[in-house]
Amino acid sequence: MKIVFWGASRGCGTTGNMTALASYFALSLNHRSICMQPKVGVGDLENYFCPWEKRSILREESMYYALEGMDYLIWQEQHHRLDTASLKESMVPLLDQRLFYLPGGSREKPGLYPTQTAELQRRILKHLEEYAEFIFIDIGSERDDFAFSMLQRADVVVVNFSGEQKELEHFFGSQFPCRGTVVYLLSNYSSDQVYNCENLQRIYRMDRQSICCIPANPQFAQACARGRVEQYMKLCCRNRGSGRRNEPFIAGLRQVANLILEANVYE
């Protein structure tokens with residue numbers, strides 16, 4: 001099942017929301033999942049799972065010695081060598097082998113051959129669907145042909161909002177190219193903000209069951225910045241000293257997960 005995360009604007013927490021939800025599926029629901037960012041631009045997913053003190057060393061090794069992640073899979077698919085072994089060795093295991101992430105790689109630049117890269121990545125995604133129950137795909141706030149094709153092919157699309165007026169008016173005033181189930185997600189949510197779930201339902205006549213929120217969580221934001229998401233999500237989902245301060249955060253993730261699982265396309 002492909003779950004595509006798309007942001008209605010830049011900086012609305014799309015990558016963080018996807019990472020948190022994929023971790024929740026793996027730890028609390030025990031689903032084998034993969035999270036990834038296709039090569040449509042520079043992403044920060046890898047940094048969420050890599051402590052900052054190790055990043056420069058790993059990046060140097062990647063640049064000078066070997067293809068990795070999506071770069072490697074693209075090369076394999078180009079030469080008709082992509083198989084299960086290639087997929088396994090390209091993915092990084094996390095959360096007790098329940099969650100995997102696919103590094104984007106830093107050797108091949110998608111701008112050099114965007115059309116070819118897009119088609120190769122679509123074929124690679126078909127292979128990945130045979131490896132895991134859920135594939136979480138972060139395409140940022142891109143509006144190019146590849147992003148629209150991902151939205152069209154997704155089983156569920158999670159549209160992320162920051163809750164700003166211009167962002168909401170622009171999104172609901174334009175056509176959204178999606179065929180699957182759509183879940184709307186307010187990021188970094190505060191109960192004091194004007195555009196809360198209730199007001200959005202009333203103003204834009206939204207289905208009550210299609211919108212939810214993830215509350216602001218400074219601890220999770222810090223974990224993302226320091227590359228400690230794996231440790232933090234284990235703490236939250238296993239209740240090891242996390243305390244009540246994380247209960248709203250987990251409740252928000254649970255609500256989003258339930259909407260996805262209740263989608264008609266899920267079997």
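Each residue takes its place number in the sequence, starting with 1. Keep in mind that what you see is a predicted model, and the values were worked out from it rather than measured.
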- Query: Pro215 versus Pro248: any side-chain heavy-atom pair under 4.5 Å?
  - Reply: yes
- Parallel, tilted or perpendicular: ring planes of His79 versus Trp75, cut at 30 and 60 degrees: tilted
- Do Pro38 and Ile137 have side-chain heavy atoms sitting under 4.5 Å apart? yes
- Task: Nearest 0.5 Å please: distance from the CZ atom of Arg202 over to the CG atom of Asn196.
- Result: 9.0 Å
- Trp6-Phe148 aromatic ring centre distance below 6.0 Å: no
- Task: Provide the full list of side-chain hydrogen bond (donor to acceptor under 3.5 Å, both in side chains) pairs with a residue in residues 91-104, sequence neighbours left out, each pair given once.
- Result: Asn30-Arg98, Asp96-Arg238
- Value rounded to 0.5 Å, distance of CG in Leu27 from CD in Glu230: 8.5 Å
- Determine yes or no for a side-chain-to-main-chain donor-acceptor pair under 3.5 angstrom, with Ser28 supplying the side chain and Cys237 the backbone. no
- Message: With a 4.5 Å cut-off on side-chain heavy atoms, are Val159 and Leu185 touching?
- Response: no
- Report yes or no: do Arg179 and Gln152 form a side-chain donor-acceptor pair below 3.5 Å? yes
- Candidate pair Val158 and Tyr184, rule side-chain contact (heavy atoms from CB on, under 4.5 Å), full reasoning: CA-CA 6 Å; Val158 180; Tyr184 301 101; over 6 Å; no
- Say whether, by atom type as modelled, one donor and one acceptor occur between the side chain of Asn199 and the main chain of Val194 under 3.5 angstrom. yes
- Tested for side-chain contact (heavy atoms from CB on, under 4.5 Å) against Met70, the lone hit among Leu102, Thr117, Leu120 is Leu102
- Message: Within the supplied structure, the quantity of interest is the number of heavy atoms (other residues, nucleotides, ligands) at a distance under 6.0 Å from Asp145 CG; does it exceed 12?
- Response: no
- So, Gln255 side chain and Ala251 main chain: donor-acceptor pair closer than 3.5 Å or not? no
- Under the side-chain hydrogen bond (donor to acceptor under 3.5 Å, both in side chains) rule, what do Ser86 and Arg81 come out as? Steps first, then yes or no, please. CA-CA 8 Å; Ser86 300; Arg81 298 176 181 174; over 6 Å; no
- For Val4 and Ala154 the tightest heavy-atom approach is CG2-CB, 3.5 Å
- Query: More than 12 foreign heavy atoms under 6.0 Å from CZ of Arg123: is that the case here?
  - Reply: yes
- Task: Test side-chain contact (heavy atoms from CB on, under 4.5 Å) on Leu200 and Leu168 and set out the steps.
- Result: CA-CA 9 Å; Leu200 288 179; Leu168 294 166; 3.7 Å; yes
- Task: Quick one: closest heavy-atom pair of Leu29 and Ala257, and the distance?
- Result: CD1-CB, 4.1 Å
- For the residue pair Tyr72 and Glu89, confirm or rule out a side-chain donor-acceptor distance under 3.5 Å. yes
- Message: Closer than 3.5 angstrom, by distance alone: can the side chain of Gln193 be matched with the main-chain N or O of Tyr195 as a donor-acceptor pair?
- Response: yes
- So do Leu253 and Phe25 actually touch side chain to side chain, heavy atoms under 4.5 Å? no
- Message: We want to know whether Asp138 and Thr14 form a side-chain donor-acceptor pair, criterion being a heavy-atom distance below 3.5 angstrom.
- Response: no
- Task: Answer yes or no: is there a donor N or O on one side and an acceptor on the other, between the side chain of Asp155 and the main chain of Lys2, under 3.5 Å?
- Result: yes
- Query: Taking the inter-plane angle between the rings of Phe161 and Phe171 on a 0 to 90° scale, is it parallel (under 30°), tilted (30 to 60°) or perpendicular (over 60°)?
  - Reply: perpendicular
- Message: Treating Asn246 as the side-chain partner and Phe249 as the backbone partner, does any N or O pair qualify as donor plus acceptor under 3.5 Å?
- Response: no
- Task: State the CD-CZ distance between Gln219 and Arg228, to the nearest 0.5 angstrom.
- Result: 16.0 Å
- Query: Heavy atoms, side chains only, cut-off 4.5 Å: are Leu128 and Met91 in contact?
  - Reply: yes
- Considering all heavy atoms of both residues, which atom of Gln209 and which atom of Leu259 are nearest to each other, and what is their separation? O-CD2, 2.7 Å
- More than 12 heavy atoms from other groups under 6.0 Å of CD on Gln231: yes
- Query: Does the side chain of Leu87 come within less than 4.5 Å of Leu73's, by heavy atoms?
  - Reply: yes
- Roughly how far, to the nearest 0.5 Å, is CE of Met150 from CD1 of Ile139? 8.0 Å
- Task: Could you walk me through whether Cys35 and Met18 pass side-chain contact (heavy atoms from CB on, under 4.5 Å), step by step?
- Result: CA-CA 8 Å; Cys35 58; Met18 182 195 73; 3.9 Å; yes
- Message: Is it the case that the side chains of Asn217 and Tyr232 hold a donor-acceptor pair, with the cut-off being a distance below 3.5 Å and no angle test?
- Response: yes
- Item | Shortest non-hydrogen separation from Phe5 to Asn17 and the atoms involved | CE2-C, 3.9 Å
- Taking every non-hydrogen atom, the tightest pair across Ser23 and Leu99: OG-CD2, 3.8 Å
- Query: Would Lys126 and Glu129 satisfy salt bridge (charged side-chain N to carboxylate O under 4.0 Å, His left out), going step by step from the backbone distance to the final call?
  - Reply: CA-CA 5 Å; Lys126 290 183 179 180; Glu129 286 187 86; over 6 Å; no
- Item | Nearest heavy atoms of Met206 and Phe172, plus distance in Å | SD-CZ, 3.7 Å
- With a 4.5 Å heavy-atom cut-off, do Ile74 and Ile124 have their side chains touching? yes
- Message: Assess the residue pair Phe100 and Val92 against the criterion (side-chain contact (heavy atoms from CB on, under 4.5 Å)); give the C-alpha distance rounded to whole Å, side-chain angles, the decisive distance to 0.1 Å, and a yes or no.
- Response: CA-CA 5 Å; Phe100 298 81; Val92 178; over 6 Å; no
- CZ on Phe134 to OG on Ser33, rounded to 0.5 Å: 6.5 Å
- Query: Between CD1 of Ile203 and CD of Glu169, what distance do you get to the nearest 0.5 Å?
  - Reply: 9.0 Å
- Is there a donor in the side chain of Gln37 and an acceptor in the side chain of Thr15, or the other way round, less than 3.5 Å apart? yes
- Task: Indicate yes or no: at least one non-hydrogen side-chain atom of Met36 is less than 4.5 angstrom from one of Leu125.
- Result: yes
- Query: With distance as the sole criterion, is a donor-acceptor pair present between the side chains of Arg32 and Tyr131 under 3.5 Å?
  - Reply: yes
